[in-house]
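First the structure, in the form of structure tokens, and then the observations on it.
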Amino acid sequence: MKKLLAILCSLVLLLTGIVAFSACGGDGETIKVGVTLYDPMDYKDENGEWVGFDAELAEKAFGELGYNVEFVEIVWETKIVSLNAKEIDCIWNGMTVTDELKEAILLTDPYLVNQQVVVVRSADKDKYKTTADLANAQSIAFEGGSAAESVLGDLNIDESKLLSQEKQLDTFLEVKTGSSDIAVVDKTLAQSICGTGDYKDLTFVDVGFAEEEFAVGFRKSDSELCSQIDELLAKYATDGTIAGLKEKYGIN
């Protein structure tokens, strides 16, 4: 009887340990993070590996929770559909907080400040100094489903002038080739792309759009995981992690 009791006690302790360990995090489970090619937030290095401010932050946070990270490239305009269809488990890609997103999914507390800016050919930079000047453009490129689409909608610009693109990077090519006079994109991206490589003839202008905030998105059923990431983001804001990544990736 004593031996049986000892065995039962050992099993209880073992099971308790397993439960306690599992409650700490993913226990090696893979979590799919939805991203787009968005330098300096998420992009691929010369070896085809995902790197960037958000990529590093996501891997650090989920790693602390015991998860393995798999980055999945998504179409930004259908990000909510992809999330709710469980093609991905979260959206971590410089996502601007909007009222629409607040209603549709769970969002963490903001972890970074952003702003929309106007990308233009360097020769035309003096044509666009305020948001009112955007009405003078014959064609304006933007990424479908992005914050740029929202701010342009608020300006009541003739819809025939608005050219939706699948990716933010596509908008730079539109301006470079002259298919669009300007593009409205995230400042973080414009800082990385304008004046470099194929886009050395492009620059960006601050026309006075309001500051925005980035957050991570989860399904509404994943409130516990969202809270865990919130706690880690708060820690990274004070322990130098976020500041270090901003410096590494040239984010002002």
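What you see below is based on every heavy atom in this structure, not just the backbone, and it leaves out hydrogens, waters and symmetry mates. For this chain, numbers begin at 1 and follow the sequence in order.
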Please tabulate, for side-chain N and O atoms in residues 99-112, each donor-acceptor pair with protein atoms closer than 3.5 Å (sequence neighbours left out).
| from | atom 1 | to | atom 2 | distance (Å) |
| --- | --- | --- | --- | --- |
| Thr108 | OG1 | Val216 | N | 3.0 |
| Tyr111 | OH | Asp54 | OD1 | 2.9 |
| Tyr111 | OH | Asp54 | OD2 | 3.1 |

Value rounded to 0.5 Å, distance of [atom1] in [X] from [atom2] in [Y]:
X	Y	atom1	atom2	result
Gln165	Leu173	CD	CG	8.5 Å
Asp186	Met41	CG	CE	8.5 Å
Glu64	Ile229	CD	CD1	9.0 Å
Phe53	Asp39	CZ	CG	13.5 Å
Gln138	Ser180	CD	OG	11.0 Å
Asp27	Leu65	CG	CG	12.0 Å

Open item on the list: Using a strict threshold of under 4.0 Å (side-chain N to carboxylate O), is an ion pair present between Asp222 and Arg219?
Closed with: yes
Just to verify, what does [X] make a salt bridge (Lys or Arg N to Asp or Glu O under 4.0 Å) with, not counting sequence neighbours?
X	result
Asp230	none
Lys32	none
Lys127	Asp124

Of the non-hydrogen atoms in [X] and [Y], which two are nearest, and what is the gap between them?
X	Y	result
Asp45	Asn47	OD1-N, 2.9 Å
Ala61	Tyr236	CA-OH, 3.4 Å
Ala190	Val185	CB-CG2, 4.0 Å
Pro40	Ser192	CD-OG, 3.3 Å

TODO: State, yes or no, whether a side-chain contact exists between Leu225 and Phe62 at a heavy-atom distance under 4.5 Å.
DONE: yes
Open item on the list: side-chain contact (heavy atoms from CB on, under 4.5 Å), that's the test. Do Leu202 and Ser122 meet it? Break it down for me.
Closed with: CA-CA 5 Å; Leu202 301 185; Ser122 297; 5.6 Å; no
Let me check something: do [X] and [Y] share a hydrophobic cluster, defined by ILVMFWY side-chain heavy atoms less than 4.5 Å apart, either directly or through other members?
X	Y	value
Ile88	Phe218	no
Ile91	Leu169	no
Tyr43	Met95	no
Tyr67	Leu83	no
Ile31	Val51	yes

Answer yes if the side chains of [X] and [Y] hold a donor-acceptor pair under 3.5 Å, and no otherwise.
X	Y	answer
Thr188	Tyr38	yes
Glu29	Asn68	no
Thr36	Asn93	yes

Open item on the list: If the condition is side chain to side chain donor-acceptor pair (under 3.5 Å), which residues does Glu212 pass it with, not counting sequence neighbours?
Closed with: Thr96, Asn114, Gln116
Task: All side chain to side chain donor-acceptor pair (under 3.5 Å) counterparts of Thr241, not counting sequence neighbours - done: Asp239
For [range], which residue pairs qualify under salt bridge (charged side-chain N to carboxylate O under 4.0 Å, His left out), counting only residues two or more places apart or in two chains?
range	answer
residues 171-180	Lys176-Asp201
residues 145-164	none
residues 243-252	Glu56-Lys248

Task: Shared-cluster residues of Leu162, by chain and number - hydrophobic side chains joined below 4.5 Å - done: Val118, Val120, Tyr128, Leu134, Ile140, Phe142, Val151, Leu152, Leu155, Ile157, Ile182, Val184, Val205, Val207, Phe209
Task: Shared-cluster residues of Val113, by chain and number - hydrophobic side chains joined below 4.5 Å - done: none
Open item on the list: Is it the case that the side chain of Asp42 and the backbone of Gly52 share a donor-acceptor pair, with hydrogens and angles ignored and the cut-off at 3.5 Å?
Closed with: no
Open item on the list: I want to know whether Phe214 and Trp92 have ring centres closer than 6.0 Å.
Closed with: no
Under 3.5 Å, which donor-acceptor pairs link side chains of residues 70-81 to any protein atom two or more places apart or in another chain?
| from | atom 1 | to | atom 2 | distance (Å) |
| --- | --- | --- | --- | --- |
| Thr78 | OG1 | Val75 | O | 3.3 |
| Lys79 | NZ | Trp76 | O | 3.3 |
| Lys79 | NZ | Gly145 | O | 2.9 |

